[in-house]
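Note that these values count all heavy atoms, side chains included, but never hydrogens, waters or copies made by symmetry. For reference, positions follow the sequence shown, starting with 1.
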Amino acid sequence: MRLFAAVWPPDDVLDHLDLALAVVRRGSPSQDDGVRWSARETWHLTAAFYGAVPDGVTEAIGAGLARAAAEVEPFDLQLRGAGVFAHRTLWVGTGGDVAAMVALADAAREVGQEHDVRPDARVRHRPHLTVGRARPAARPPRRGSRATGSGGRAGGHGPGRPPGTDRADLLPPEVFEQALAVYEGPTWRVDALTLVDSRPGEGRGGGPLYSTVATYPLGR
């Protein structure tokens, strides 16, 4: 199994975010806005990534997560604000008791370290939910550059470039960030940590397919 631990927002929280993203997408002149939007069923806050894990180790990780979750009391969280990693990954941030979410992620990562699974190199001090990835062409042009195609016309495709990659109707990641900079979703009570199996490429639109392995309640 290819495993990770996560917090899953409830449906009403995802409904609210879905509507906000629909407004952003409607602001693009084209349905093909240069962003590969992630499927709603994949929206989660990663606590720790474990990679490929044998079945026997999976059980041990589950037991460790159950103990770790019991040590963290339920806490309030909300989706808030947005940003872009590396000019490509579009994410929505969190507000509320972020420190509790970071502590839960630290505990989940330590469980993996105890069982010598793939080290989770990412520092998860900024809990976030990934909603899409922009194609390179959706990045804003560099200063002083002009998109020219054959014949020197601005806006052309250029040699060897696929049609549509220089269109003005692509959604630059920075526009997404600005549109959701003040976004605030409803607050929810985080009361469980979920162990998830991920199968890349088997989900909707060629994305990952996630299935719940087990859910562990927070608090004693």
Side-chain angles (χ1 to χ4, degrees), residues 4-28 31 33 35-49 65-66 68-85 88-109 122-134 171 173-196 198 203-205 207-220:
F4 65 90
V7 164
W8 231 272
D11 284 341
D12 63 316
V13 172
L14 298 183
D15 288 342
H16 196 277
L17 177 60
D18 220 352
L19 288 173
L21 291 178
V23 171
V24 174
R25 290 192 291 263
R26 280 200 297 270
S28 176
Q31 290 183 346
D33 55 12
V35 177
R36 181 179 179 183
W37 298 99
S38 57
R40 170 184 162 134
E41 60 266 23
T42 68
W43 291 351
H44 66 277
L45 304 173
T46 301
F49 181 74
L65 288 177
E71 296 295 327
V72 178
E73 292 301 317
F75 57 93
D76 292 337
L77 210 61
Q78 71 175 153
L79 299 179
R80 179 190 296 172
V84 179
F85 291 139
R88 182 172 182 265
T89 302
L90 282 51
W91 55 268
V92 173
T94 53
D97 197 346
V98 176
M101 180 65 205
V102 172
L104 182 61
D106 288 342
R109 186 168 56 251
R122 295 187 181 183
V123 179
R124 302 193 184 275
H125 63 275
R126 188 187 298 175
H128 64 276
L129 184 155
T130 299
V131 295
R133 288 179 172 80
L171 176 67
E174 287 74 10
V175 172
F176 161 84
E177 185 175 13
Q178 293 167 7
L180 291 181
V182 295
Y183 173 76
E184 288 194 11
T187 298
W188 85 94
R189 192 75 165 166
V190 178
D191 58 8
L193 180 65
T194 303
L195 182 61
V196 184
S198 172
R204 184 155 56 101
L209 178 64
Y210 295 154
S211 57
T212 298
V213 176
T215 299
Y216 312 102
L218 301 190
R220 297 185 180 277

Reported OH-to-NE2 distance for the pair Y210 and H44, which is rounded to 0.5 angstrom:
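Going from OH on Y210 over to NE2 on H44, the span is 4.5 Å.
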Roughly how far apart are L65 CG and Y216 OH, rounded to 0.5 Å?
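Separation between the atoms: 5.5 Å.
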Do [X] and [Y] come within less than 4.5 Å of each other through their side chains, counting heavy atoms only?
X: P9; Y: L129; value: yes
X: W37; Y: R25; value: yes
X: V131; Y: L21; value: yes

When you measure from the side chain of T89 to the backbone of R133, do you find a donor-acceptor pair of N or O atoms at a distance under 3.5 Å?
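Judged by distance alone, no pair lies under 3.5 Å.
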Not counting sequence neighbours, which residues clear side chain to side chain donor-acceptor pair (under 3.5 Å) with S38? List them please.
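S38: side chain to side chain donor-acceptor pair (under 3.5 Å) contacts with W43.
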Restricting to side chain to side chain donor-acceptor pair (under 3.5 Å), what partner residues turn up for W188, sequence neighbours left out?
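W188 satisfies side chain to side chain donor-acceptor pair (under 3.5 Å) with no residue once adjacent residues are dropped.
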Under the side-chain hydrogen bond (donor to acceptor under 3.5 Å, both in side chains) definition, can you give me all pairs with a residue in residues 4-19, not counting sequence neighbours?
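Listed once each, the pairs are D15-R40, H16-Y183, D18-R40.
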The criterion is side-chain contact (heavy atoms from CB on, under 4.5 Å); which residues satisfy it with T194, sequence neighbours excluded?
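Result, side-chain contact (heavy atoms from CB on, under 4.5 Å) vs T194: V196, T212, T215.
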Results of side-chain contact (heavy atoms from CB on, under 4.5 Å) for A39 - residues two or more places apart only
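A39 satisfies side-chain contact (heavy atoms from CB on, under 4.5 Å) with E41, T42, R204 only.
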Between L193 and A6, what is the shortest heavy-atom contact and its length?
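Closest approach of L193 to A6: CD1-O, 3.5 Å.
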Heavy atoms only: give me the nearest L218-V190 pair and the separation to one decimal.
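Scanning both residues, the minimum pair turns out to be CD1-O, 3.5 Å.
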Any residue meeting salt bridge (charged side-chain N to carboxylate O under 4.0 Å, His left out) with E71, in chain and number order, not counting sequence neighbours:
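E71 satisfies salt bridge (charged side-chain N to carboxylate O under 4.0 Å, His left out) with R220 once adjacent residues are dropped.
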Listed by chain and number, what are the ring-ring contact (aromatic ring centres under 6.0 Å, His included) partners of W91, not counting sequence neighbours?
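For W91 the ring-ring contact (aromatic ring centres under 6.0 Å, His included) partners, ignoring immediate neighbours, are F85, H128.
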Quiz: residues 72-79 side-chain donor-acceptor pairs under 3.5 angstrom, not counting sequence neighbours:
residue : atom : partner : partner atom : Å
D76     : OD1  : R189    : NH1          : 3.1
Q78     : OE1  : R80     : NE           : 3.0
Q78     : OE1  : R80     : NH2          : 2.3
Q78     : NE2  : G185    : O            : 2.7

